[in-house]
Amino acid sequence: MTDAPEFDIQSLRIVRAISDTGSITAAAAALGYSQPAVSQHVRRLETRLGVAILERVGRGVRLTEAGRVLARHAQAVTVAIDAAAEELAELRGLRTGLVRLVAFPSASPVLVPRLIAALATSHPGITLTYLEAEPPEAVEAIREDRADIALTFSYPGDRDDPHRSSARGLTVRGAGRDELMLVLPLGHPPVQGVADLADETWIAGCPRCRGHLLELCGRAGFEPRIGFETDNYVAVEGLVAQGIGVATLPRMALDSFPLLPGVSTLPLDAAEARRLHILTAKGAERVPSLAAVLDRLAAMLAR
């Protein structure tokens, strides 16, 4: 039986930080260490392992194959260590922890503030940080250990669903649906569905929403004439209110601010609703602070 390699959790955090930031200097800043301290730690690690972790490339450095192996396993190991540390803290009655949340923009105005306020009451020792990102970038943030929990969405028929191959190895939980609405000028002639709007000018949103609009209209038998594109939900309503075009928006976006005068909405078939997902690293629910946020977030989405 061969001897096990000698490395510790600090080594894994350092190697992971170098992988994430691309340099020793940036990794040191991210971890709160000095650059010489990180360099010395890497040299000692290489001596213990008997293999190079970094190699010089021009004026910078990059991970060797051995370094990439360590970085790849670092997330799972650090999640497990953090889980053990927090469970021990729970036994001592210390309910603390830092949780990094990433979510899509239409969750920002209402859902995220409510989550932060609820946690401040139920778990005041938990610090929640927030980053706004579309689903593909949110999935990548979990994979790269830049976030702990991601709230994402996907549309039916999405040909580039980020919850398939790119989320392999992560935990993906279904978290309900967000109703999709037609947004029409007030006084628009009655419509039964998207097919009745084939001759209209459309306002498209974010790239994923635009892709779904094309899919939606394609299933209705026409290609939409897209006159304007913006991921600003208020701007979409403003354009619709002036009779410039029609659009679709998710219920969560519409609920984030009062409906503008001159706009009416109509729910689409339930099958067109976007699916909500919560993503974490494998085993993240074993960390008490993450479990608390996951439970609270799931409960809010269920309502």
Nearest heavy-atom pair of [X] and [Y]: which atoms, and what distance?
{"X": "A28", "Y": "V38", "result": "CB-CG2, 3.7 Å"}
{"X": "L182", "Y": "W202", "result": "CD2-CH2, 4.0 Å"}
{"X": "P113", "Y": "A107", "result": "CD-O, 4.5 Å"}
{"X": "A204", "Y": "L213", "result": "CB-CD2, 4.2 Å"}
{"X": "A138", "Y": "A133", "result": "N-CB, 4.2 Å"}
{"X": "L45", "Y": "V15", "result": "CD2-CG2, 4.0 Å"}

Quick check: is [Y] connected to [X] through a chain of hydrophobic side chains (ILVMFWY, heavy atoms under 4.5 Å apart)?
{"X": "M181", "Y": "V234", "value": "yes"}
{"X": "L268", "Y": "F222", "value": "yes"}
{"X": "L115", "Y": "V287", "value": "yes"}
{"X": "L290", "Y": "V112", "value": "yes"}
{"X": "L239", "Y": "L186", "value": "no"}

| query | Between F153 and F104, what is the ring plane arrangement, given parallel below 30°, perpendicular above 60°, and tilted in between? | reply | perpendicular
| task | Sort and list the pairs that fulfil side chain to side chain donor-acceptor pair (under 3.5 Å) and have at least one residue in residues 244-265, not counting sequence neighbours. | result | E179-R251
| said: So for atom CD, which belongs to E229, do other residues, nucleotides or ligands contribute more than 12 heavy atoms lying within a distance under 6.0 Å? | reply: yes
Any side-chain heavy-atom pair from [X] and [Y] closer than 4.5 angstrom?
{"X": "E55", "Y": "R62", "value": "yes"}
{"X": "L70", "Y": "L49", "value": "yes"}
{"X": "C209", "Y": "D231", "value": "no"}
{"X": "M252", "Y": "V110", "value": "no"}
{"X": "T201", "Y": "I244", "value": "no"}
{"X": "Y155", "Y": "R275", "value": "no"}
{"X": "I278", "Y": "L297", "value": "yes"}
{"X": "L101", "Y": "V293", "value": "no"}

Test side chain to side chain donor-acceptor pair (under 3.5 Å) applied to [X] - qualifying residues, sequence neighbours left out:
{"X": "Q35", "value": "S39"}
{"X": "R219", "value": "E272"}
{"X": "D178", "value": "R274"}
{"X": "R43", "value": "none"}

| said: D196: which residues meet the side-chain contact (heavy atoms from CB on, under 4.5 Å) condition with it, sequence neighbours left out? | reply: V191, Q192
| task | Using the test side-chain contact (heavy atoms from CB on, under 4.5 Å), find all partners of A26 that sit at least two apart in sequence or belong to another chain. | result | T21, S23
Please check: side-chain N/O of [X] versus main-chain N/O of [Y], any donor-acceptor pairing under 3.5 Å?
{"X": "T64", "Y": "A52", "result": "yes"}
{"X": "E285", "Y": "A291", "result": "no"}
{"X": "R100", "Y": "D145", "result": "yes"}
{"X": "R16", "Y": "A71", "result": "yes"}
{"X": "R68", "Y": "L63", "result": "yes"}

[atom1]-[atom2] distance between [X] and [Y], expressed to the nearest 0.5 angstrom:
{"X": "L111", "Y": "L301", "atom1": "CG", "atom2": "CG", "value": "5.5 Å"}
{"X": "L119", "Y": "R296", "atom1": "CG", "atom2": "CZ", "value": "6.5 Å"}
{"X": "I203", "Y": "I226", "atom1": "CD1", "atom2": "CD1", "value": "10.5 Å"}
{"X": "L184", "Y": "L197", "atom1": "CG", "atom2": "CG", "value": "6.0 Å"}
{"X": "I53", "Y": "E65", "atom1": "CD1", "atom2": "CD", "value": "11.0 Å"}
{"X": "Y233", "Y": "T230", "atom1": "OH", "atom2": "OG1", "value": "10.0 Å"}

| task | Would you sort out whether T152 and V172 count as a side chain to side chain contact (heavy atoms under 4.5 Å, CB included), showing the intermediate values? | result | CA-CA 10 Å; T152 64; V172 183; over 6 Å; no
Only counting residues at least two apart or in another chain, list the ones meeting salt bridge (Lys or Arg N to Asp or Glu O under 4.0 Å) with [X].
{"X": "R146", "value": "E144"}
{"X": "E132", "value": "none"}
{"X": "R13", "value": "D82"}
{"X": "R114", "value": "none"}

| said: Strictly below 4.0 Å, N to O, side chains only: are R225 and E200 in salt-bridge contact? | reply: no
| request: Determine, stepwise, if the pair H123 / S289 fulfils side-chain hydrogen bond (donor to acceptor under 3.5 Å, both in side chains). | output: CA-CA 9 Å; H123 297 81; S289 60; over 6 Å; no
| task | Mind running side chain to side chain contact (heavy atoms under 4.5 Å, CB included) on L98 and I126 for me, showing each step along the way? | result | CA-CA 6 Å; L98 171 67; I126 294 177; over 6 Å; no
| request: Give the C-alpha distance, both sets of side-chain angles, the deciding distance and a yes or no for side chain to side chain contact (heavy atoms under 4.5 Å, CB included) between V99 and T129. | output: CA-CA 6 Å; V99 177; T129 65; over 6 Å; no
| request: Please report the C-alpha distance between I149 and V102 in whole Å, then the side-chain angles of each, then the deciding distance to 0.1 Å, and finally whether the side chain to side chain contact (heavy atoms under 4.5 Å, CB included) criterion is met. | output: CA-CA 6 Å; I149 299 173; V102 58; over 6 Å; no
| note | Here the ring-ring contact (aromatic ring centres under 6.0 Å, His included) pairs for residues 17-76, sequence neighbours left out, are none
